[in-house]
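Each remark here refers to the structure printed beneath this line.
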Amino acid sequence: MSNSSENLYRLDGRVPLGKALPFGLQHVLAMFVSNITPIMILAAAVGLDSAVSAALIQNCMVIAGIGTLVQLFPVWRIGSRLPIVMGISFTFLSLAIGIAGTYGMGTLIGAVIVGGLVEGLLGLFVKYWIKLIPHVVSATVVTAIGFSLLPIGANSFAGGMGAPDFGSMNNWIVGTVTLLACLLCQVFAKGFLRSLSVLVGLIVGYVLACFMGMVNFDSLSGHSIIALPRLIPFTPEFNIGAILSVVAVYLVSATETIGDTSALCNSALKRDPETKEMGSAICCDGFVSSVSGLFGCTPITSFSQNVGLAAISGVVNRFTIGVGAMVMIIGGVFPAIGAALTTIPQAVLGGCTIMMFGSILFAGFGMMARAGFSQRNMVIVSLSLSVGLGFTQATGMFAIFPEIVRTVFAENCVAVVFLLAVILNLVLPKKVMGE
């Protein structure tokens, strides 16, 4: 197989390591903080001690790398063979805090392991239910994912939700300069430098943040050179209520994976996804999440920001993104590497991700165009998005429903959009309003 830099824009083929490393690192930097943040929030909410928290952060880096490698280079039918980057999911965070706070981490981990097996089996039998999700439903879900990510990018741009300096002048300056650096590189640079626009913007923003005194290097001291991941840090316990709750959220995660797979294929590979690819991606989502539970971590899922990065840069090479996955694993084994990456200010990451998240919206619009702007499709898309995006901004509306409904739907617009789009597609006649 040829070893060429041109393979960066092809799914297969080797790329010289000197070229693969910066492009792979760009994917790691795009998702790094989002990958470790759920574990950090969970550990703080449950009251885990610092040593256990540090071990879980290491573990989530390793499991993200393993999950990405499985997506890139499948094991049997587990893995899509697509350039999908995996990481710890935010979707489960509120439920995980509730279960761990009430029953303990062992019960949470038991539910994660069982729920992952359920989602994995769902992926194996995808051909029996994928017809419920035609192009118009996939397009609506991808668009909802794009909309749901915009507040995340904006909050990072302002310094990170809950930060003491949220919305400060320094964050505005650093976020704006980072965004401009990404944009200028994307518009005016040529060749490989254009494809590295996000990494260029991140470096520019990071250097500026250093000069402005916004980077804290305290976390770089006191680390051992090598620390192996800790397997089964909590003894799994099995509670049927916790398991059913987590399984319900796994179905939402499967929906997001279908949307990410569709967006990636349409925007970066310029084709529709195959049924087998979507099923294999869901298998990886589920079965690797069970492995994640064995490492004491919450479930893993595909990362939409990396889908946006692939769309902007055009880099889809599996070997290259595999190099990035190896960086994540190395970062988990060598704690100092992971600690260095955590020094990147949120404003820098926000400046990098704003345009990437917008590209997912653009991919959704393109998928809608291919599905066609019929009256029927208009009803499905407009009603699903208006209810899904609108109702989840007024979470108090869900107060009358049982806790499981609130957990799955109240703050998850993608789940509401998906469910409503599927129902409308099933019940609406093929021709409506005189068509």
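Predicted model, so just to flag it, every value in this text is computed and none were measured. Numbering of residues begins at 1 and proceeds along the displayed sequence. All values below come from the heavy atoms of this structure, side chains included, with hydrogens, waters and symmetry mates left out.
In this structure, F125 places its CZ atom where only 12 or fewer heavy-atom neighbours from other residues, nucleotides or ligands lie under 6.0 Å away.
Side-chain atoms of T257 never come within 3.5 Å of backbone atoms of A281 as a donor-acceptor pair (strictly under, hydrogens ignored). Side-chain atoms of S289 come within 3.5 Å of backbone atoms of I300 as a donor-acceptor pair (strictly under, hydrogens ignored). Of the possible donor and acceptor atoms, none in the side chain of E277 sits under 3.5 Å from a partner among the backbone N and O of T261. With hydrogens and angles disregarded, no donor-acceptor distance shorter than 3.5 Å links the side chain of R77 to the backbone of C283. Side chain of S292 to backbone of T298: a donor-acceptor contact under 3.5 angstrom is found. Between the side chain of N171 and the backbone N or O of A347, no donor-acceptor pair lies under 3.5 Å. Remark: side-chain polar atoms of N155 are paired, donor with acceptor, to backbone N or O of P151 under 3.5 angstrom. With K131 contributing its side chain and Y128 its backbone, the two residues share no donor-acceptor pair below 3.5 Å.
The only member of V137, N425, V136 that meets side-chain contact (heavy atoms from CB on, under 4.5 Å) when paired with N377 is V136. Shown are V142, I84, I145, V85; of these, the side-chain contact (heavy atoms from CB on, under 4.5 Å) with D260 is made only by I145.
Between L264 and P83 the shortest side-chain heavy-atom distance falls below 4.5 Å. Inter-residue side-chain proximity for V118 and Y250 is flagged as unmet; no heavy-atom pair is nearer than 4.5 Å. Annotation: side chain of V316 is not in contact with side chain of Y9 (no heavy-atom distance under 4.5 Å). Contact of the I312 side chain with the S197 side chain is registered, since non-hydrogen atoms from C-beta on lie closer than 4.5 Å. F303 has its side chain out of reach of L309: every pair of non-hydrogen atoms, C-beta onward, lies at least 4.5 Å apart. Within the 4.5 Å cutoff, side-chain heavy atoms of F373 are placed close to those of M368. Side-chain atoms of R318 and D12, non-hydrogen and from C-beta on, do get closer than 4.5 Å to each other. In this structure the side chain of T143 never reaches within 4.5 angstrom of the side chain of M367, judged on heavy atoms.
A cation-pi arrangement is not found for R406 relative to F398, the charged atom failing to lie both closer than 6.0 Å to the ring centre and inside a 45° cone about the ring normal.
Residues N7 and S4 bring no donor and acceptor atom of their side chains to less than 3.5 Å of each other.
With sequence neighbours left out, the side chain to side chain contact (heavy atoms under 4.5 Å, CB included) criterion links A181 to V204. Take T320 and apply the side chain to side chain contact (heavy atoms under 4.5 Å, CB included) test, not counting sequence neighbours, and it matches L8, V15, A20, F23, V315, N317. Every side chain to side chain contact (heavy atoms under 4.5 Å, CB included) that C413 has, sequence neighbours left out, goes to S148, L389, T392.
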- Does the pair T140 and S384 meet the rule for a side chain to side chain donor-acceptor pair (under 3.5 Å), with working shown? CA-CA 8 Å; T140 309; S384 299; 5.6 Å; no
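M214 approaches P345 most closely through the heavy-atom pair O-CG, 4.1 Å.
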